[in-house]
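Structure record follows, encoded as C-alpha cells.
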Amino acid sequence: MSLATPTNADLHCHSSFSDGVLSPAELALRAHRQGVQLWSLTDHDELAGLTQAARAAAELDLQFVPGVEISVSFARKTVHIVGLNIDPTHVVLVEALDQLRGWRETRAQEMGQRLAGLGFEGCYEGALRYADNPNLLSRTHFARFMVDQGWFGSMQDVFDRYLGDGKPGNVPGKWATLEDSVRWIRAAGGTAVIAHPGRYKFTEQQFDALYSTFRDAGGTAIEVVTGSHRPDQYAEYAGIARYYGFQASRGSDFHSPDESDIDLGALPGLPAGLTPVWANWV
Ligand code: AMP
Ligand code: MN
Ligand code: MN
Ligand code: MN
C-alpha cells in the first residue's frame, strides 16, 4: 500500500515520556478522533513511550510508525532531527540516546543552579515534580513549574526572559553531532528528517551547510508543514525540499491541549508536487 499526499499524517508529537502532558495512549486516542490516519510519536531523546503508543494505535486500527526527536548541536545552535520508522530496540540508537539523556540530567542540575543564582530557588526539584519520566527533564518542565509558582505569566514569558537560547537561565546544549544523529537513525532502519527548519536562526550559508551536511550524511527529508511554521513558511520550505531533493514531512509538534495551538491532525496537507516522507512505507 502506498499512501498518497492527502493522507492525514501527523508525524511529530510528544507524550509525557518527554515534555508532552498526555500519555501515549491518550495521544493515540486524540489522534484517531482528530482524523489522523498515519501517526508517529517523537519524544525528545527518548524511546520509552513507543511500546505503549504502538499498542494503543493497533487497538484503534491507526497506522503507526515509531519515531524520536534527537537534540543536535550545529553551528553553535540546537537543531532537532526527527527519526521516523525506526526500530526502537536497535542497540546503536538505544545506547546513543542513553548517553544524551545522561547529559540532559547534568544540564538540568546546572540550570537549577543558574536559576537559583538569578533568584529562582528550587527549580530543579520543581521541574522534576512536573516530569512523569525523571530521565527526561526538559526546559518545558522548568517553564511549567516557574509559571505555576506565579513568577511568570506564561511559558513564552519564561523562555523569552530566562530559558530561551542565549538567555541567562539556559545552559546551552552539548548535544549530538548532526552526522551522528543521522547515523543512529539510519542504523535503526529509519528515515532522518530535519524538524521545523523555519525555527532556526541561521544565516543563508549556515542553512546551506545544514542541508548539505545532513544530505551527505544520509538524511532524506525535512518538515514542511509543522505547527512550528507559519503558513507562509510552508511554501518556503516546499521550495527547499525541491531544491535539495528532500522528501516532505508533516507534523503538529503537539505537546498539550492547554499549551499547543495546533492540534493533532489539524494542519493543512503538504503543498503539491512534493514527495511525502511516507510515500514508500507500507
Ligand atoms: P530542551 O530539549 O530541554 O532544550 O527543551 C526544548 C523544548 O522547549 C522544546 O521542545 C519546546 O517544547 C520547548 N520550547 C522551546 N522554546 C519554547 C518557547 N519559546 N515557548 C514554549 N516552549 C518552548
Ligand atoms: Mn518539546
Ligand atoms: Mn523540536
Ligand atoms: Mn517536537
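The residues of the chain are indexed from 1 along the displayed sequence.
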Nearest heavy-atom neighbours spanning V182 and A217:
CG1-O, 3.3 Å
When the ring planes of W175 and W103 are compared, do they come out parallel, tilted or perpendicular, using 30° and 60° as the limits?
perpendicular
Using the rule given for side-chain contact (heavy atoms from CB on, under 4.5 Å), can you reason through L62 versus L38, listing the C-alpha separation, both sets of side-chain angles and the distance that settles it, and then say yes or no?
CA-CA 7 Å; L62 167 62; L38 174 64; over 6 Å; no
L93 to W184 - nearest heavy-atom pair and separation
CD1-CB, 3.8 Å
Classify the angle between the aromatic ring planes of Y130 and F145 as parallel (below 30°), tilted (30 to 60°) or perpendicular (above 60°).
perpendicular
What I want to check is whether the side chains of D258 and S256 have a donor and an acceptor closer together than 3.5 Å.
no
Nearest 0.5 angstrom please: D43 CG to I70 CD1, how far?
12.5 Å
Side chain Q247, main chain T275, donor-acceptor under 3.5 Å
no
Does any non-hydrogen side-chain atom of L50 lie less than 4.5 Å from one of L41?
yes
With a 3.5 Å cut-off and no angle check, do the side chains of E46 and N135 form a donor-acceptor pair?
no
Quick one: does S15's side chain have a donor or acceptor within less than 3.5 Å of a partner on F17's backbone?
yes
Nearest-0.5 Å distance, CG of residue L47 to OG1 of residue T42:
11.0 Å
Under the side-chain hydrogen bond (donor to acceptor under 3.5 Å, both in side chains) criterion, do D157 and Y162 qualify, and how do the steps go?
CA-CA 8 Å; D157 199 15; Y162 286 96; over 6 Å; no
For the side chain of Q233 and the backbone of R230, is there at least one donor-acceptor N/O pair under 3.5 Å apart?
yes
Sidechain-backbone polar pair: T213 side chain, L210 backbone, donor-acceptor under 3.5 Å
no
Search all heavy atoms of L163 against all heavy atoms of G169 and return the closest pair with its distance.
CD2-O, 3.8 Å
A187 backbone acceptor or donor facing H90 side chain under 3.5 Å
yes
side-chain hydrogen bond (donor to acceptor under 3.5 Å, both in side chains) pairs, two or more places apart, involving residues 217-226:
H12-E223
Roughly how far, to the nearest 0.5 Å, is CE of M155 from NE2 of H255?
8.0 Å
Examine Y237 together with Y244 and report whether their ring centres are nearer than 6.0 Å.
no
Could you check whether any side-chain heavy atom of N170 comes within less than 4.5 Å of a side-chain heavy atom of F159, counting everything from C-beta outward?
no
Going by heavy atoms in the side chains, are W278 and T191 under 4.5 Å from each other?
no
Test of understanding: with salt bridge (charged side-chain N to carboxylate O under 4.0 Å, His left out), list the residues that count as partners of D19, not counting sequence neighbours.
none
Between A272 and R242 the two heavy atoms that sit nearest each other are O-NH2, 3.0 Å
What I'd like to find out is whether the side chain of P24 reaches to under 4.5 Å of the side chain of R55, using heavy atoms alone.
no
Between the side chains of Q109 and Q113, does any donor sit under 3.5 Å from an acceptor?
no
If we ignore hydrogens and angles and just use 3.5 Å, is the side chain of H196 paired with the main-chain N or O of G198 as donor and acceptor?
no
Validation row: D253, R199 side chains within 4.5 angstrom (heavy atoms)
yes
Looking at R186, I'd like to know if its CZ atom is crowded, meaning that more than 12 non-hydrogen atoms belonging to other residues, nucleotides or ligands lie closer than 6.0 Å.
no
Could you please spell out the steps behind the side-chain contact (heavy atoms from CB on, under 4.5 Å) verdict for S71 and H80?
CA-CA 5 Å; S71 308; H80 286 167; 4.1 Å; yes
W281/V65 under side-chain contact (heavy atoms from CB on, under 4.5 Å): CA gap, chis, key distance, verdict:
CA-CA 9 Å; W281 299 346; V65 293; 3.8 Å; yes
In terms of hydrophobic clusters joined by side-chain contacts under 4.5 Å, are L136 and V68 together?
no
State, yes or no, whether a side-chain contact exists between I81 and E69 at a heavy-atom distance under 4.5 Å.
no
Can you list the steps and then say if L60 with L29 is a side-chain contact (heavy atoms from CB on, under 4.5 Å)?
CA-CA 8 Å; L60 296 161; L29 194 58; 3.8 Å; yes
Between K77 and D165, does at least one N-O distance fall below 4.0 Å, as a salt bridge requires?
no
Whether over 12 other heavy atoms sit under 6.0 Å from D61 CG
no
Tell me, with the steps shown, if D263 and R30 meet salt bridge (Lys or Arg N to Asp or Glu O under 4.0 Å).
CA-CA 9 Å; D263 211 326; R30 192 177 181 100; 2.9 Å; yes
Centroid-to-centroid, H14 to F254, below 6.0 Å?
no
Quick one: sort the F74 and F202 rings into parallel, tilted or perpendicular, breaks at 30° and 60°.
perpendicular
Go through the steps to decide whether D10 and R250 satisfy the test salt bridge (Lys or Arg N to Asp or Glu O under 4.0 Å), and finish with yes or no.
CA-CA 6 Å; D10 194 321; R250 171 182 188 264; 5.8 Å; no
What are the two closest non-hydrogen atoms of S252 and C13, and how far apart are they?
OG-CB, 4.5 Å
Would you call Q99 and L97 a side-chain contact if the rule is heavy atoms closer than 4.5 Å?
no
Give the minimum heavy-atom separation between P66 and S40, together with the two atoms involved.
C-OG, 3.7 Å
Distance in Å, K174 NZ paired with T78 OG1, rounded so as to fall on 0.5 Å steps
12.5 Å
Run T140 and S138 through side-chain hydrogen bond (donor to acceptor under 3.5 Å, both in side chains) and show every step you take.
CA-CA 5 Å; T140 313; S138 98; 3.1 Å; yes
Look at the side chain of H141 and the backbone N and O of S18, then say whether any donor-acceptor pair between them is shorter than 3.5 Å.
yes
Using a 3.5 Å distance criterion without hydrogens, assess whether the side chain of Q37 forms a donor-acceptor pair with backbone atoms of N8.
yes
Only counting residues at least two apart or in another chain, list the ones meeting side chain to side chain donor-acceptor pair (under 3.5 Å) with Q149.
none
Output yes when a side-chain donor or acceptor of T177 lies under 3.5 Å from a complementary backbone atom of D180, and no otherwise.
yes
Output, in order, the C-alpha distance, side-chain angles, deciding distance and verdict of ring pair (Phe, Tyr, Trp, His ring centres under 6.0 Å) for F214 and F246.
CA-CA 10 Å; F214 174 75; F246 291 137; 5.6 Å; yes
If I take atom CZ from residue F152 and atom CE from residue M146, how far apart are they, to the nearest 0.5 angstrom?
4.5 Å
Within the structure provided, determine whether R107 and R139 are in side-chain contact (heavy-atom separation under 4.5 Å).
yes
About how many Å separate CG of L84 and CD1 of I185, when rounded to the nearest 0.5 Å?
8.0 Å
Would you call the rings of Y200 and F207 parallel, tilted or perpendicular, taking 30° and 60° as the class edges?
tilted
